[in-house]
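Remarks on the structure that follows.
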Amino acid sequence: MTALIRQCLLLTVGVVLTGQLLVAADSRPNILLIYTDDHSHRSVSCYPEAWDWVDTPNIDRLAKRGVRFAHTFIGTWCMPSRATMLTGHHQFGVESMRMTGQYPGSTYDPAKCPFWPKVFRGEGYTTAQVGKWHTGTDSGAGRDWDYQAVWNRPKYQQNSGHYFYDQIIDFSGADQKKETKLIRGYSTDNYTNWAEDFIRGEHRDEGKPWYLWVCYGAVHGPFTPAVRHRDDYPDAKIPVPKDIFPPRAGKPAYMQKINFWEPGPNGIPELIGGTFGGRTVEGAKCIHGNSLNDWVRQYHQGVLGLDQAVGRLVGALEESGQLENTLVVFTSDQGFAWGQHGFRTKLAPYDANIRSPMIVSLPGRIPEGKVCQSPVAGVDLIPTFFSYAGIDLPWEMHGHDLTPVLENPNADWPHPAMVTFTGRSYGADTIRIPDDPDLHMLNGIPWYVSLRQGRYKYIRTLVEDEIEELYDIDADPEELTNLALDAGHGGQLKEFRAATIAEMRRTGWELVDNLPSVRDLNR
């Protein structure tokens, strides 16, 4: 469906007679963005990479009603991924965003860094956000959002480690009244309650289309599952990743230092130190034990609460008669590695760390039960929302409207999926590599840029004289064999290097003129 036709349908059908007045109902689609945290595609059972004991029936049912994207890269960690979802820009294009004070403190200037939900409000949409907020102390209440029920981590730093219980929640509505409460109970269930209330008609004008962003904190560390799920998956076991311990042949220098695991009894690795760690959840221990299997089991138990949440939200759409006119997107800020390449975190450029699940559904307009194999990026979602809403983009965005591959998942998708990682730096602070190693590294991982197109992934670690990486994801899904070191792939390496530079220039990343050199392999 073309944008012109879509625009013509915005205010059609649904005519209501009120006395002598005919009122045209707004038939533009609602948009529900279900956004989970640190959530790997491997934990969703409709993905072939999931282990055979994984079971997420509600998310799988959503996939049967829409298009599942096989290779999605929303972001690299919590805050920049959310900044992308609010601006349509990669991290380097998010101006004025700053990490300040005690973690996770952050600020931004709304004049320099406008968030697009404000545009939807001006075009007749009701906008709402429920759940985790991790993008500046200013959540945009009354400016970007008509309704919010948010756990503002940057604002309430003393509460920022309470991912699952006892959260300080800011409530705000269209009347701009604000209320702050300490809320007990399991956060995944609380967020679902508030989101379901909104879907069923609370805090909104039922004559207007709506955009609802539900930001779950699960399954972020400390990976706490609901009590009702703590006996599930009793036989959960996974193969030990081949490169869980260093050295790691063909990987950059920093990858030889990554070491979160140590050999345990019976050959099953255990987490060094026995706790998850993390800035806001220090000392968090696994409920079941300390082996790799124990941690993976607990993590997947947390996913079960999310699966139930998806079932409830989609059920609310069905029961309220809105399913047929609601674009539903289920995805995550990024993935999470469990042992792969030695990690127990996100951030790094490998699929195990950052590849997200993504499923999109809109009955009657998007085909059902299909899979799109084209790699896509988080920046592509925002132009897609504007396209389905029939609203012009308010500024140039870094991504591309996904409508062609939503309507025909096998259609040619010529755009590469670029992933950028600049640690805690945003906007103008990313024009040059910082001298301060604390700014250039985050959890031992330096800045990088990665490009995925077709079956190949290219990674350029932004360290002087470092090797590049090139992987054939179809043949080597675990990213163990670096083809950049193979002379037979020299031509392909140069093509991907040039394509990455071209994508940096297209999106306006000025670092492209200050890139550190790559290692000369004498080719």
Side-chain angles (χ1 to χ4, degrees), residues 32-39 78-79 82 102-106 126-142 144-204 210 212-230 278-284 287 298 301-313 315-316 332-333:
L32 170 61
L33 175 56
I34 305 171
Y35 201 74
T36 60
D37 199 331
D38 286 11
H39 191 178
C78 304
M79 184 172 163
R82 285 162 175 75
Q102 181 180 342
Y103 182 87
S106 54
T126 297
T127 61
Q129 194 245 330
V130 169
K132 176 180 175 180
W133 179 264
H134 193 165
T135 320
T137 54
D138 178 359
S139 69
D144 303 313
W145 310 100
D146 293 290
Y147 171 71
Q148 281 185 302
V150 295
W151 176 49
N152 191 327
R153 297 187 70 234
K155 182 177 180 181
Y156 302 113
Q157 295 180 14
Q158 77 279 12
N159 192 244
S160 64
H162 291 229
Y163 265 87
F164 296 98
Y165 291 98
D166 303 330
Q167 294 185 333
I168 297 174
I169 302 294
D170 282 342
F171 296 91
S172 59
D175 57 4
Q176 301 315 307
K177 290 182 179 178
K178 296 183 179 180
E179 188 176 25
T180 300
K181 294 182 179 180
L182 178 66
I183 302 296
R184 309 294 183 181
Y186 190 59
S187 63
T188 297
D189 297 338
N190 291 336
Y191 298 169
T192 305
N193 292 339
W194 299 324
E196 186 176 351
D197 288 344
F198 179 85
I199 289 171
R200 294 183 185 279
E202 291 189 20
H203 308 292
R204 65 180 179 86
W210 49 263
L212 171 60
W213 188 23
V214 188
C215 295
Y216 288 102
V219 282
H220 190 285
F223 322 108
T224 305
V227 173
R228 62 184 179 274
H229 292 136
R230 295 186 187 184
R279 283 178 177 268
T280 54
V281 288
E282 288 291 348
I287 293 170
Q298 178 170 319
Q301 288 175 336
V303 175
L304 294 176
L306 294 171
D307 183 70
Q308 290 179 338
V310 171
R312 286 182 56 190
L313 296 182
S332 176
D333 54 2

Q) At what distance, to the nearest 0.5 angstrom, does CZ of Arg230 lie from CD1 of Ile287? A) 4.0 Å

Q: Check the pair Cys215, Asp37 against side chain to side chain contact (heavy atoms under 4.5 Å, CB included), reporting the backbone distance first and the verdict last.
A: CA-CA 8 Å; Cys215 295; Asp37 199 331; over 6 Å; no

Q. Taking the six-membered ring for Trp, is the centroid-to-centroid distance between Tyr165 and Tyr186 below 6.0 Å?
A. yes

**Q.** Approximate separation, where rounding is to 0.5 Å, of Asn159 CG and Leu182 CG
**A.** 7.0 Å

Q. Under the criterion salt bridge (charged side-chain N to carboxylate O under 4.0 Å, His left out), which of Lys155, Lys178, Arg153 is the partner of Asp170?
A. Lys155

**Q.** Residue pair Leu212 / Gln129: nearest heavy atoms and the distance that separates them
**A.** CD1-N, 4.4 Å

Q.
I need the Ile169 CD1 to Tyr156 OH distance, nearest 0.5 Å.
A. 9.5 Å

Q. Side chain of Glu196, backbone of Arg312: donor and acceptor closer than 3.5 Å?
A. no

(Q) To the closest 0.5 Å, what do you measure between NE2 (His229) and OG1 (Thr188)? (A) 10.0 Å

Q. Any idea which heavy atoms bring Arg200 and Ala316 closest together, and the distance?
A. NH2-CA, 3.6 Å

Q | side-chain contact (heavy atoms from CB on, under 4.5 Å) partner of Phe198, chosen from Val130, Leu313, Leu32, Thr126 | A | Thr126

Q | ring pair (Phe, Tyr, Trp, His ring centres under 6.0 Å) partner of His203, the single match among Tyr147, Trp145, Phe171, Trp194 | A | Tyr147

Q) Any ion pair linking Arg82 and Asp333 (charged N to carboxylate O, less than 4.0 Å)? A) yes

**Q.** For Asp166 against His162, the heavy-atom pair lying closest together
**A.** O-ND1, 3.2 Å

Q. Between the main-chain N or O of Ser139 and the side-chain N or O of Asp144, is there a donor-acceptor pair closer than 3.5 Å?
A. no

Q: Check Asn152 against Thr137 and note the closest heavy-atom contact, atom names and distance.
A: ND2-O, 2.9 Å

Q.
Let me confirm one number: the CD1-CG distance from Ile183 to Asn190, rounded to the nearest 0.5 Å.
A. 7.0 Å

Q. Would you say the ring centroid of Trp151 lies under 6.0 angstrom from that of Tyr163?
A. yes

(Q) For Gln298 versus Pro225, what's the shortest heavy-atom pair and its separation? (A) CG-CD, 3.8 Å

Q: Take Asp38 and Cys78 through the side chain to side chain contact (heavy atoms under 4.5 Å, CB included) test and state the conclusion after the steps.
A: CA-CA 8 Å; Asp38 286 11; Cys78 304; 4.1 Å; yes

Q: Would you name the heavy atoms of Tyr191 and Gln167 that are closest together and state the gap between them?
A: OH-OE1, 2.7 Å

Q: Check for a donor-acceptor pair, side chain of Ser332 on one end and backbone N or O of Thr36 on the other, with a separation under 3.5 Å.
A: yes

Q) Does any N or O in the side chain of Arg204 come within less than 3.5 Å of the main-chain N or O of Thr127, such that one atom is a donor and the other an acceptor? A) no

